[in-house]
J.: 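There's a structure below that I have some questions on.
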Number of protein chains: 2
Amino acid sequence: MPSMKTIDMFKALSNETRLQILNWLKEPDKHFPAQGAHIPKGVNFAGGVCVGDIQEKAGVSQSTVSSYLNMMQKAGLLESFRYGQWTYYRRNEAAIRQLAEHIRTEL
Amino acid sequence: MPSMKTIDMFKALSNETRLQILNWLKEPDKHFPAQGAHIPKGVNFAGGVCVGDIQEKAGVSQSTVSSYLNMMQKAGLLESFRYGQWTYYRRNEAAIRQLAEHIRTEL
DNA sequence: TTGACATATCGAGAATTCTCGATATACAAT
DNA sequence: ATTGTATATCGAGAATTCTCGATATGTCAA
């Protein structure tokens, strides 16, 4: 019985725009403006990018990118951190590695 | 630009029944009746299972299983061999390994 | 040739996904 | 308090996927 979460991951990965976002988030500095202007000192969420910047780059509507990011997070591919009015998303590298491992050994 | 084939793989993997089939085909002897009664000597397609046996085990209609298998083959997850009226399907282990590797290094 | 069987393809209705604009919520600044 | 900004949620129409039964195609056996 394959876990539902695995299927949710595959569904989340079955869309070009979402794949792009995941890929851009591999090198946030390269693809997005500098982040964290609104994150207070002492908070550690390196590599996170706010929704607005992702939306602009992806070229889809704000509501679409919001639900995409939410979907990817529910699937475990992303993790998020909210500070004030901003929500920052970044890759969940451990989960992605585990997915690769799952495919290699258990699929 | 993620290849279309990668997305097709993820789509093919986004369904419980198809995941089950892929998993059963890991150990065909364990999950299906003995195969190859109709495969002539000299033809080598070890691990292949015919559509009818997969259909019975999966418990979906014949047309559904046929299109599932076709879809998985087009995505590269399965390979098929037709002998007479029978079509045998088996896993494409190389492609599955490559998918894991792709996720690990390029996703 | 005829009949039986394995699989593929077709057509369709139901369910899900995609994607948007509009609106709501939550917080910041004035 | 009011306004502005960032994000989330809602509602809906279009597109896609799911899954079936019916039918077509190809092959084997009698």
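As the structure is a computational prediction, the values presented were derived from the model and not from experiment. Heavy-atom basis, side chains included; hydrogens, waters and symmetry copies ignored. Just so we're on the same page: letters track the sequence lines, and every chain starts at 1.
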J.: From CZ of A:Phe81 over to P of D:dA8, roughly how many Å is that when rounded to an integer?
T.: 14 Å
J.: Would you check if the side chain of B:Arg18 reaches a backbone N or O of B:Ala12 as a donor-acceptor pair within less than 3.5 Å?
T.: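 Looks like yes, one N/O pair under 3.5 Å.
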J.: In whole angstroms, how far is the C1' atom of D:dA6 from the CD1 atom of A:Ile54?
T.: 13 Å
J.: Can you tell me how far C1' of D:dT17 sits from CZ of B:Arg18, to the nearest Å?
T.: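 Going from CZ in B:Arg18 over to C1' in D:dT17 covers 8 Å.
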J.: Under 3.5 Å, side chain of A:Arg90 to main-chain N/O of A:Ala46, donor-acceptor pair present?
T.: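 Here the side-chain-to-backbone pair exists.
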J.: Using a 4.0 Å heavy-atom cut-off, write out nucleotides 20-30 of chain D from 5' to 3' as B (base contacted by protein), S (sugar-phosphate only) or - (no contact).
T.: BBB---BBS--
J.: Between B:Trp24 and B:His31, what is the ring plane arrangement, given parallel below 30°, perpendicular above 60°, and tilted in between?
T.: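 Geometry flag for B:His31 against B:Trp24: tilted rings.
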J.: Once you apply a heavy-atom cut-off of 4.0 Å, does A:Tyr89 come out as touching a base, just sugar-phosphate, or nothing?
T.: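 Sugar-phosphate contact only.
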J.: Please classify the nucleic acid contact of B:Asn15 as base, sugar-phosphate, or nothing, using heavy-atom distances under 4.0 Å.
T.: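 Sugar-phosphate, backbone atoms only, no base.
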J.: Contact class for A:Thr87 (heavy atom, under 4.0 Å): base, sugar-phosphate, or nothing?
T.: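 Sugar-phosphate contact only - A:Thr87 comes under 4.0 Å of backbone atoms but never of a base.
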J.: Is the number of heavy atoms from other residues, nucleotides or ligands within 6.0 Å of CD (B:Glu93) greater than 12?
T.: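 Yes.
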J.: Under a 4.5 Å side-chain heavy-atom rule over Ile, Leu, Val, Met, Phe, Trp and Tyr, are B:Phe10 and A:Leu22 clustered together?
T.: yes
J.: Round to a whole Å and report the spacing from CD of B:Gln73 to C1' of C:dT7.
T.: 13 Å
J.: Within this structure, what is the CE-to-C1' distance between A:Met71 and D:dA8, rounded to whole angstrom?
T.: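 Between C1' of D:dA8 and CE of A:Met71: 17 Å.
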J.: Measure the distance from CD on B:Gln55 to C1' on D:dT19 and round it to the nearest whole Å.
T.: 12 Å
J.: Quick one: B:Tyr88 OH to C:dA6 P, roughly how many Å, whole number?
T.: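 It works out to 11 Å between those atoms.
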J.: What is the distance, to the nearest angstrom, from the NZ atom on A:Lys11 to the P atom on D:dT17?
T.: 12 Å
J.: Show the nearest heavy-atom pair for residues A:Cys50 and A:Trp86, with the distance to one decimal.
T.: CB-CD1, 3.9 Å
J.: For the NZ atom on B:Lys74, are there more than 12 heavy atoms of other groups (residues, nucleotides or ligands in this structure) within a distance under 6.0 Å?
T.: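 Atom NZ in B:Lys74 is not crowded, with 12 or fewer foreign heavy atoms closer than 6.0 Å.
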